[in-house]
Amino acid sequence: MAVSFLNREVSDLCLGKPALKPIPAEATVSEALTLLKKSGETHVSVWSCDHSRKVAEEEGGGGDSVCRCIGKICMVDVICFLCTEENLADPSKALQTPVEQILPKGNSIVRHLDPNSSLLEAIDYILEGAQNLVIPIQNYKSTPSRKKLLSKASFLTPTNHNGVEYCWLTQEDIVRFLLNSIGVFSPMPTFSIESLNIINHDMMTVSYHDPAISSLDAIIRAYIEQSSVAVVDEDNRLIGEISPFTLAYCDETVAAAIATLSAGDLMTYIDYGGPPEDLIELVKMRLQEKKLGAMVELIDEEFSLSSSSSSASSCSSDDESGSSKVTVLGRYSSARRSEAITCYPWSSLVAVMIQALAHRANSIWVMDEDHNLIGVVTFKGILEVFRSIANARHQPERENTSKQ
């Protein structure tokens, strides 16, 4: 029964999914930022289209243009790109870089998948490193009214490609779908994460007092691996985390915070609700010391725009430290706090799944009985367990074949 469930078509997961917000590969980082902020999305799909076939058709040759999603751009990509001193010195120039130049190299984090493909195939792609699966959801070529509507809405590029719209599935989407039918996999979900061997002990950590910039490579790796960077004290005890999921709800000026603050202060800076005013001033002062005045101007411009669109309410009453926070609606207010979500080796698989989905966390930190940090569980690790069910069924079949 469990194996037949894993053979369900991925189109079942696409019901109600919105069409992707696309951007052409040749668009600038600045244009991608505008689309991210305007759409309210955390990621925008990046597309490469070969129009030579379309030209050939118009000249009598035939064939549609070929369009493929080659990646996705997120605020994390932009922030990490701006973190170099060269880009901090001239952010305006850096933001004119083509989007395709800042996409992760050599990592197929976005993969196309047919709607009639199985859930098992989708899980295999994720285990190979995919974060998002691009799936066609509708063909609108024969709908004149839809064409007319699309022709009016033209922000950088239409939402369809050759009359086809796409959505994408994330690791979170698939884990949520599995949880909704968790009884099919009984009794496995009640087993502990330790017994299922999905605790990853290869963690990325940074000391609370270390410069945040020292964790940049770890942040990039965490983004690719859909994990987080643990912020620890002198005794290696967990204090909080720097999560790419939280960074995705920030703005591009966080690059300056990474370049100037400690890891501990960065956690406070990116916490939902917006950074405290004293930290903003500290970042600006340190940028001036480094003669990075252009970035200071960008920060002033960003928070000036945010303040003008924010409500009169203040977040200061929620801040125990006494330093008021800049009132920032929109992106910051949608992020979850940078406090770490934890579990134990004896926690059941289903409990960890519920915890991760409830907190919108791609990873859960694992503590021992003395509250020491010993590992992390990710969505990818969870999906490996469900994939093993199909492996277990095929193993006896392979053994019988070898005996014959």
Side-chain angles (χ1 to χ4, degrees), residues 5-6 13 17 42-43 74 76 109 119 122-123 125-127 129-133 168-205 218-219 221-231 238-249 267 270-272 334-368 371 373-389:
F5 182 87
L6 292 173
L13 283 73
K17 295 283 288 185
T42 55
H43 297 80
C74 170
V76 183
I109 62 174
L119 178 58
I123 292 174
Y125 272 3
I126 288 174
L127 298 184
Q131 294 179 11
N132 295 63
L133 304 175
W168 59 23
L169 296 178
T170 65
Q171 296 179 11
E172 180 182 340
D173 290 329
I174 295 176
V175 171
R176 190 179 300 278
F177 185 74
L178 292 169
L179 179 63
N180 288 339
S181 300
I182 200 67
V184 173
F185 303 94
S186 182
M188 183 197 69
T190 62
F191 297 167
S192 71
I193 56 173
E194 185 174 43
S195 67
L196 293 170
N197 197 31
I198 61 171
I199 302 174
N200 184 359
H201 300 284
D202 181 20
M203 301 168 292
M204 292 163 281
T205 63
I219 292 172
R221 179 184 159 193
Y223 174 52
I224 293 172
E225 296 181 2
Q226 296 285 271
S227 185
S228 296
V229 180
V231 179
L238 185 64
I239 300 176
E241 67 177 11
I242 301 172
S243 168
F245 183 85
T246 302
L247 288 172
Y249 285 96
M267 281 199 307
I270 66 177
D271 221 1
Y272 83 97
S334 300
R336 71 175 177 84
R337 300 190 70 92
S338 54
E339 60 189 25
I341 311 302
T342 63
C343 66
Y344 299 94
W346 54 86
S347 299
S348 68
L349 175 64
V350 67
V352 172
M353 290 173 69
I354 293 171
Q355 194 176 9
L357 293 170
H359 290 280
R360 300 296 306 278
N362 289 339
S363 56
I364 303 288
W365 301 105
V366 185
M367 317 292 287
D368 66 13
H371 302 288
L373 179 63
I374 60 172
V376 64
V377 174
T378 62
F379 280 149
K380 184 176 178 180
I382 290 171
L383 291 175
E384 284 176 349
V385 174
F386 290 92
R387 183 63 179 87
S388 68
I389 294 174

Search all heavy atoms of [X] against all heavy atoms of [Y] and return the closest pair with its distance.
X: Q355; Y: T342; value: NE2-O, 2.7 Å
X: V76; Y: A248; value: CG2-N, 3.9 Å
X: I219; Y: P244; value: O-CG, 4.2 Å
X: C74; Y: H43; value: CB-CD2, 3.4 Å
X: S228; Y: W365; value: O-CH2, 3.3 Å
X: M367; Y: H371; value: CE-O, 3.1 Å

Could you check whether any side-chain heavy atom of [X] comes within less than 4.5 Å of a side-chain heavy atom of [Y], counting everything from C-beta outward?
X: L133; Y: D173; answer: no
X: P345; Y: V366; answer: yes
X: I199; Y: V377; answer: yes
X: L178; Y: L119; answer: yes

Could you tell me whether the side chain of [X] and the main chain of [Y] form a donor-acceptor pair under 3.5 Å?
X: E384; Y: N197; result: no
X: Q131; Y: I224; result: yes
X: S347; Y: Y344; result: yes

task = Run through I193, I382, V385 and flag the one making a side-chain contact (heavy atoms from CB on, under 4.5 Å) with M353.
result =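 Looking at I193, I382, V385, the match for M353 under the side-chain contact (heavy atoms from CB on, under 4.5 Å) is I382.
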task = Just jot down the side chain to side chain contact (heavy atoms under 4.5 Å, CB included) partners of N132, sequence neighbours excluded, or say none.
result =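 If we apply the side chain to side chain contact (heavy atoms under 4.5 Å, CB included) test to N132, skipping adjacent residues, the hits are K72, V110, W168, T170.
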key: Results of side chain to side chain contact (heavy atoms under 4.5 Å, CB included) for A356 - residues two or more places apart only   =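 With neighbours one apart ignored, the set is I364, F379.
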task = Run the numbers on V229 and E241 for side-chain contact (heavy atoms from CB on, under 4.5 Å), then give the verdict.
result = CA-CA 5 Å; V229 180; E241 67 177 11; over 6 Å; no
inquiry  = Parallel, tilted or perpendicular: which one describes the rings of F386 and F185, with boundaries at 30° and 60°?
reply    =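 Answer is perpendicular, since the angle exceeds 60°.
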Charged N-O contact under 4.0 Å between E225 and K380 =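 No, no charged N to carboxylate O under 4.0 Å.
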inquiry  = Is it the case that over 12 heavy atoms from other parts of the model lie below 6.0 angstrom from the CG atom of N180?
reply    =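 Buried by this count: over 12 neighbours within 6.0 Å.
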